[in-house]
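Each ligand, and each atom within it, is numbered from 1 in the order the structure gives.
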Amino acid sequence: MSEPVFRRILLKLSGEALMGDLPYGADPERIAAIARQVKFVSDRGVEIAIVVGGGNIYRGLRGAAEGMDRATGDYMGTLATVLNALALQDALEKLGAVTRVQSAITISEVAEPYIRRRAMRHLEKGRIVIFAAGTGNPFFTTDTAAALRALEIHAEAILMGKNGVDGVYSADPQEDPDARFIEEITHQEAIEQRLAVMDTTALSLCMDNALPIHVFNMDDERNIDRVVCGERVGTVVRSG
Ligand code: UDP
């Protein structure tokens with residue numbers, strides 16, 4: 001078995017990655033499968049922090065489209081990420097992993113508040129830290145939270161688990177038969193070509209701080225370990 005090439009990573013799981021084949025919400029079997037892989041990688045000595053999305057339950061833009069105040073909708077989306085974080089925590093703890101959920105909004109009965117130094121201490125002790133509630137601010141996404149937290153905790157890379165896509169393509173492969181798979185690209189190129197890596201705010205934060213992003217298919221959750229071992233999986237976005 002190859003050795004991990006990273007010591008500390010940040011795994012971004014979109015809400016959709018937890019959905020499995022369900023049309024909405026989270027599939028317990030899917031979450032259990034992801035939890036098994038995360039525990040496996042953690043047991044190999046890799047420190048893992050996770051930022052989880054909420055799009056499988058609610059997105060602020062949906063509320064805004066229905067006439068709701070955007071900020072209110074975004075806070076609802078933020079709460080959806082907390083639901084996912086708790087489900088993931090439960091699945092990890094069932095496997096015997098030690099975890100902590102830290103939330104960017106105060107919900108002290110269910111999660112620790114986000115405290116950077118405490119999060120880093122948990123990681124040093126081998127605990128898996130799940131960051132809930134995104135950045136805590138409306139008008140942002142959990143991709144931006146992933147970039148922000150990864151930089152704050154000095155993660156060596158962001159692992160972006162996508163749902164049903166192998167990585168980054170030159171166009172949407174569902175719509176364009178000429179869409180080309182991209183193995184490696186710079187942050188700058190991804191921004192200029194408006195490629196579906198993560199949103200621009202998140203991407204430019206990674207670019208400014210030379211933080212590599214590995215984009216891969218979460219349908220095969222063993223990809224987490226493959227990326228951690230330095231295998232060529234999916235797309236790598238890094239500084240040129
Ligand atoms: N959200 C927010 N601020 C944040 C992170 C998330 O307001 O810092 C809200 C926003 O409404 C978003 C929803 O939470 O649509 C779910 O997050 P996201 O869309 O990033 O989830 P994902 O696409 O990763 O499942």
Practice task
Could you walk me through whether His122 and Glu112 pass the side chain to side chain donor-acceptor pair (under 3.5 Å) test, one step at a time?
Solution key: CA-CA 12 Å; His122 289 321; Glu112 290 183 3; 3.1 Å; yes
Determine whether a donor-acceptor pair (N or O, by modelled atom type, separation under 3.5 Å) exists between the side chain of [X] and the backbone of [Y].
X      : Y      : value
Thr235 : Val168 : yes
His214 : Ile224 : no
Asn84  : Gly53  : yes
Asp199 : Ala202 : yes
Thr106 : Ser108 : no

[X]: numbered ligand 1 atoms lying under 4.0 Å from its heavy atoms:
X      : value
Ser14  : 24 (O), 25 (O)
Thr142 : 5 (C), 6 (C), 17 (O), 18 (P), 20 (O), 21 (O), 22 (P), 24 (O)
Gly53  : 21 (O), 22 (P), 24 (O), 25 (O)
Asn137 : 2 (C), 3 (N), 4 (C), 7 (O), 8 (O)
Gly15  : 22 (P), 24 (O), 25 (O)

Any Lys/Arg nitrogen of [X] or [Y] sitting under 4.0 Å from an Asp/Glu carboxylate oxygen of the other?
X      : Y      : answer
Glu183 : Arg232 : yes
Arg118 : Glu152 : no
Arg30  : Asp21  : no
Arg8   : Glu156 : no

Practice task
State which residue, out of Thr141, Ile158, Thr144, Thr142, fulfils the side chain to side chain contact (heavy atoms under 4.5 Å, CB included) condition with Met198.
Solution key: Ile158
[X] N/O to ligand 1 N/O under 3.5 Å:
X      : value
Gly54  : yes
Gly55  : yes
Thr135 : yes

Shortest protein contact, [atom] (heavy atom only):
atom                    : value
atom 2 (C) of ligand 1  : Phe140 O, 3.2 Å
atom 14 (O) of ligand 1 : Gly77 C, 3.1 Å
atom 5 (C) of ligand 1  : Thr141 C, 3.3 Å
atom 7 (O) of ligand 1  : Asp74 CB, 3.1 Å
atom 23 (O) of ligand 1 : Arg59 NH1, 2.6 Å

Under 4.0 angstrom from ligand 1, any heavy atom of [X]?
X      : value
Arg62  : no
Pro138 : yes
Tyr58  : yes

Exercise for the section: Check each of Gly73, Gly60, Gly136, Ala104 against atom 15 (O) of ligand 1 and report the one with the nearest heavy atom. Expected result: Gly60
Completion exercise
Checking heavy atoms under 4.0 Å, the part of Lys12 that sits near ligand 1 is side chain
